[in-house]
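Everything numeric in this text was worked out from a predicted model, so none of it was measured. Within every chain, numbering begins at 1; the chains are lettered A, B, ... in the order of the sequence lines, protein sequences first and strands thereafter.
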There are 2 protein chains.
Amino acid sequence: MVKENEVSEKLEWRINFPDRKSKVLVPESGILDKTWAGLKGLLGRFTSMVLKFLENAWNLGVAEPKKVIHGVKVGLTLFLVSLFYYMKPLYDGLGGNAMWAIMTVVVVFESNVGATLYKCFNRVIGTFLAGSLALGVQWIACKSGESFEPIVIGVSVFFLASAATFSRFIPSVKTHFDYGTMIFILTFSLVSVSGYREDEVFQLGHQRLSTIAIGTSLCIIITIIVYPIWSGTELHLLIFRNLGKLADSLEGCVTEYFEEGKTVPESEKDGSKRILQGYKCVLNSKGTEESMAKLAIWEPGHDRFNFRHPWKQYLKVGAAMRNCAYCVEALNSSVNSKNQAPEHLKKHLRDACMALSSCSSYVLKELALTVENTTKSSKIDFLVGEMNFSVQELQDALKSVPNSVTEPTVLSTLEAPINEANREPKTTIPLIMEFLPLATLVSLLIEIAARIEEIANAVDHLAGLAKFKLAMDEKANQKKPIEEPTSNAQDDEM
Amino acid sequence: MVKENEVSEKLEWRINFPDRKSKVLVPESGILDKTWAGLKGLLGRFTSMVLKFLENAWNLGVAEPKKVIHGVKVGLTLFLVSLFYYMKPLYDGLGGNAMWAIMTVVVVFESNVGATLYKCFNRVIGTFLAGSLALGVQWIACKSGESFEPIVIGVSVFFLASAATFSRFIPSVKTHFDYGTMIFILTFSLVSVSGYREDEVFQLGHQRLSTIAIGTSLCIIITIIVYPIWSGTELHLLIFRNLGKLADSLEGCVTEYFEEGKTVPESEKDGSKRILQGYKCVLNSKGTEESMAKLAIWEPGHDRFNFRHPWKQYLKVGAAMRNCAYCVEALNSSVNSKNQAPEHLKKHLRDACMALSSCSSYVLKELALTVENTTKSSKIDFLVGEMNFSVQELQDALKSVPNSVTEPTVLSTLEAPINEANREPKTTIPLIMEFLPLATLVSLLIEIAARIEEIANAVDHLAGLAKFKLAMDEKANQKKPIEEPTSNAQDDEM
């Protein structure tokens with residue numbers, strides 16, 4: 001019995017405290033094992049981090065191949081510039097200064113043509129101005145005697161650098177010459193300070209300018225010839241895609257509200273949710289639009305755009321869209337609120353609301369087409385008119401609400417006598433409370449229609465400034481019906 | 001008579017055609033005059049442009065002296081760095097490479113501490129990594145024979161530059177290492193390519209690293225010691241100021257709607273309009289918030305903030321605020337719409353709406369104080385509860401609308417029998433139509449209250465993460481009343 005007890009105790013001990021046993025054992029087997037395990041863990045985590053990073057990079061590359069292409073373009077340009085080092089005749093001409101060409105390429109080559117041109121222009125002008133000024137200061141410093149030379153130069157560097165740095169905050173400088181001002185400070189300091197020691201300032205300046213010229217011209221050639229990415233085109237794409245997204249999101253939102261009962265297949269749920277959230281792209285694209293418009297003005301004529309394409313007007317279209325998107329956001333939240341209107345009220349206004357939302361969304365889609373094809377639409381005035389007519393119809397439908405609403409409410413009280421105690425409130429009081437979310441939806445829809453008209457005005461102004469032509473299919477249609485030409489002539493005037 | 005005629009003709013001619021005469025005379029007096037006039041005009045326009053620019057600069061400097069101070073700081077740092085050139089012992093140590101220190105200062109010195117530290121860190125790490133890698137590649141190239149050397153280097157520059165340029169688009173790299181990656185490409189290309197010609201690559205690398213070290217440490221010291229501008233503090237200021245602006249704008253908007261008749265003195269009109277538009281600051285500050293939060297994480301502990309202050313949570317507070325501002329925007333437009341509710345309806349809901357808006361605005365102001373003082377508020381739960389109670393009261397007020405509304409409408413029809421023809425519509429139909437703008441206002445106010453609660457949650461989460469202490473005055477109050485400690489204890493748990 002004793003033995004059996006012992007055995008069972010041992011078994012129990014083994015069974016109950018295996019953790020403690022192993023815990024005690026590990027330190028005995030040495031710190032090395034522990035360190036090894038820790039290292040293996042670290043290595044594993046590091047490897048998984050690297051793998052995750054590579055996976056992200058791969059996904060990004062697959063999703064946006066133009067970013068990969070940009071990388072290859074930079075690599076190619078640097079390879080070409082480094083040829084100046086490898087080829088003896090070129091090296092002898094420029095010497096160690098060829099490094100300025102490499103620096104120029106790395107610093108100046110941006111992912112779109114506008115940014116590259118902006119930086120190239122700023123770099124060349126900044127270097128040239130600062131170089132000339134520095135030589136002037138150098139000359140004055142030389143004349144003022146050896147002991148005063150460092151003082152003159154030091155003081156001029158201090159004042160010019162301070163003033164130029166401050167000027168980078170002035171809006172007009174910040175928008176168009178921020179980079180140039182930085183290069184100005186850099187070049188002025190380098191040339192005036194190094195001139196104190198070196199006598200070959202002129203040669204240095206000449207070599208620097210020529211290497212910068214080589215670097216910038218290579219960048220400009222490669223960025224324009226090899227798969228160019230124009231920020232003007234990107235802005236153009238962004239604006240008309242956002243117009244489309246706003247249209248889909250507005251229509252989807254109202255449809256979802258009125259067709260709540262409808263079951264959406266699981267496979268489409270994600271897609272429809274994405275469509276509903278489209279307005280968020282409009283809300284968040286202010287910064288992108290502004291930076292693209294800033295860079296687009298540096299680009300020469302490309303695609304269907306001239307050199308002086310009215311890019312600033314795109315910003316106004318964007319602002320009008322955002323103004324509209326604020327309301328769509330409020331609409332979306334009122335649609336998703338728990339406090340839902342009763343069915344009979346919804347049914348009463350359903351058709352008018354759906355008609356208005358589809359008209360509004362149709363106007364937005366037509367505006368998207370106008371921008372996309374850079375052609376004037378002959379239909380837009382008619383569509384805006386139809387939208388305003390839908391607003392009128394919705395208001396008419398509202399006017400008939402009180403009469404039609406009271407009846408079903410009374411009926412429902414008769415049909416369901418359970419709420420006997422609350423009968424009085426049920427027949428009169430909930431009227432306004434129940435109507436509240438629907439009233440919000442209606443007045444937001446009306447406000448959205450007004451804001452869409454503002455977008456239409458902005459796009460119309462854009463079409464005027466950029467001299468959009470009449471759409472081709474409209475021109476073809478002109479010949480068929482007899483009345484159309486007059487209406488088109490009106491559109492031309494607008 | 002003939003003579004008289006001649007004289008009169010001459011007179012007529014002189015009187016009628018003085019323009020033609022002078023036009024003919026000008027070319028005779030020479031092109032020089034014209035050019036001079038043109039030049040004078042150009043010069044005048046140029047002078048006025050320059051004066052305008054200087055005026056702008058002066059106004060900016062007066063409005064934001066910290067920008068002037070930043071300019072002076074950069075000038076001072078450059079002056080200090082240029083001492084390396086002027087002082088013989090320092091120059092002998094570093095030679096012409098002292099120019100890298102100047103370049104580092106110009107490129108790295110940013111207007112706030114976070115950005116400067118971010119760039120310094122990135123520059124040092126990028127240079128070091130790229131330099132080491134370039135030396136490795138150099139070694140391999142040397143081993144592969146003279147004819148293969150340029151190929152190995154060229155190919156490695158091409159691939160590494162391409163890959164690094166592409167990696168700048170990957171979000172995690174873009175946020176924290178964008179500048180470092182650029183410096184990596186620059187240094188790798190410079191060192192590996194120039195290594196092909198120069199044998200003193202090691203010395204070059206060593207000198208470059210030490211000059212960069214001198215430049216970055218000077219920048220860091222000056223930026224932190226002389227009137228530092230912390231982007232964390234700026235973000236902090238932005239968030240609590242925006243909270244205050246949102247509160248004022250919400251309250252002002254509702255007050256303006258219900259006290260429309262009140263005449264505002266001309267002197268206060270501009271101010272009150274500015275207050276009403278305060279929500280626009282919230283709508284437009286997304287980009288600023290994000291860039292500041294990105295830079296703030298590089299800053300050491302300062303003011304009341306530790307090194308690992310939860311800056312990211314500020315972004316969530318900002319997002320919640322923007323979410324609320326969308327609704328305030330819609331509210332503002334519904335308040336300004338032409339379609340106004342009738343007086344008796346407004347009067348009925350006036351008190352409840354004003355109470356809710358002032359409660360909501362009070363919650364926002366308390367949240368602003370919480371963030372401003374980095375102290376937990378013991379009142380906030382109570383205030384949010386009061387706001388929700390106001391929502392309930394507004395809903396109750398709504399419930400009693402139908403009864404009270406019908407009476408004044410009937411009364412007004414009796415009092416004003418001019419609209420005899422429209423009597424029937426006046427008593428029943430306009431009920432809903434007239435109520436529409438007010439209904440929108442009410443439901444937006446209710447939605448805004450819900451969104452303010454989200455802001456309160458975000459701020460509460462921030463207070464938890466940043467371990468905000470209980471406010472001092474609250475602690476003092478704890479001793480006075482007997483019940484208070486328990487309520488404060490609850491707040492501590494939240």
Can you tell which part of B:Lys286 gets under 4.5 Å to a heavy atom of chain A, answering side chain, backbone, both or neither? side chain

Looking only at heavy atoms, what is the nearest atom pair of A:Asn323 and B:Glu329, with distance? OD1-OE2, 3.0 Å

Non-hydrogen atoms of B:Val72 and A:Phe158 that approach each other most closely: O-CE1, 3.7 Å

For chain B, the option from A:Glu447, A:Glu64, A:Met103 that forms the most heavy-atom pairs under 4.5 Å: A:Met103

With rounding to the nearest 0.5 Å, note down the distance linking CG in A:Leu78 to CZ in B:Phe188. 10.5 Å

Of all of A:Gly287, A:Ser162, A:Ser167, A:Ala439, which one pairs up most often with chain B through heavy atoms under 4.5 Å apart? A:Ser162

Using a cut-off of under 4.5 Å on heavy-atom pairs, state which of A:Val105, A:Ile170, A:Asn59 scores highest against chain B. A:Ile170

Counting heavy-atom pairs closer than 4.5 Å to chain B, which one of A:Val157, A:Leu444, A:Leu283 comes out on top? A:Leu283

Which one, A:Phe53, A:Phe169, A:Phe109, leads in non-hydrogen pairs under 4.5 Å with chain B? A:Phe169

Atom pair CH2/CG of A:Trp100 and B:Leu190 - distance to nearest 0.5 Å: 9.5 Å

Does some side-chain heavy atom of B:Phe166 sit less than 4.5 Å from a side-chain heavy atom of A:Val74? no

What part of B:Val442 is in contact with chain A, defined as an atom under 4.5 angstrom from a non-hydrogen atom: side chain, backbone, both or neither? side chain

Separation of B:Arg451 CZ from A:Ser333 OG (nearest 0.5 Å): 4.0 Å

Under a 3.5 Å distance rule, please check whether A:Thr440 uses its side chain to pair with a backbone N or O of B:Ser443 as donor and acceptor. no

Nearest heavy-atom neighbours spanning A:Ala330 and B:Ala330: CB-CB, 4.2 Å

Which bit of B:Thr77 is near chain A, if near means a heavy-atom gap under 4.5 Å: side chain, backbone, both or neither? neither

Sort out for me which of B:Leu160, B:Ile183, B:Leu331, B:Asn284 touches chain A most, counting heavy-atom pairs under 4.5 Å. B:Asn284

Which one of B:Cys327, B:Gly154, B:Ser82 has the most heavy-atom pairs closer than 4.5 Å to chain A? B:Gly154

Output the option from A:Leu76, A:Val81, A:Thr165, A:Leu441 having the highest count of non-hydrogen pairs under 4.5 Å with chain B. A:Thr165

So, the part of B:Val173 with a heavy atom under 4.5 Å from chain A: the answer is side chain

Can you measure from OG (A:Ser189) to CZ (B:Phe79) and round to the nearest 0.5 angstrom? 12.5 Å

Correct closest heavy-atom pair for B:Val107 and A:Met182 would be CG2-CE, 4.3 Å

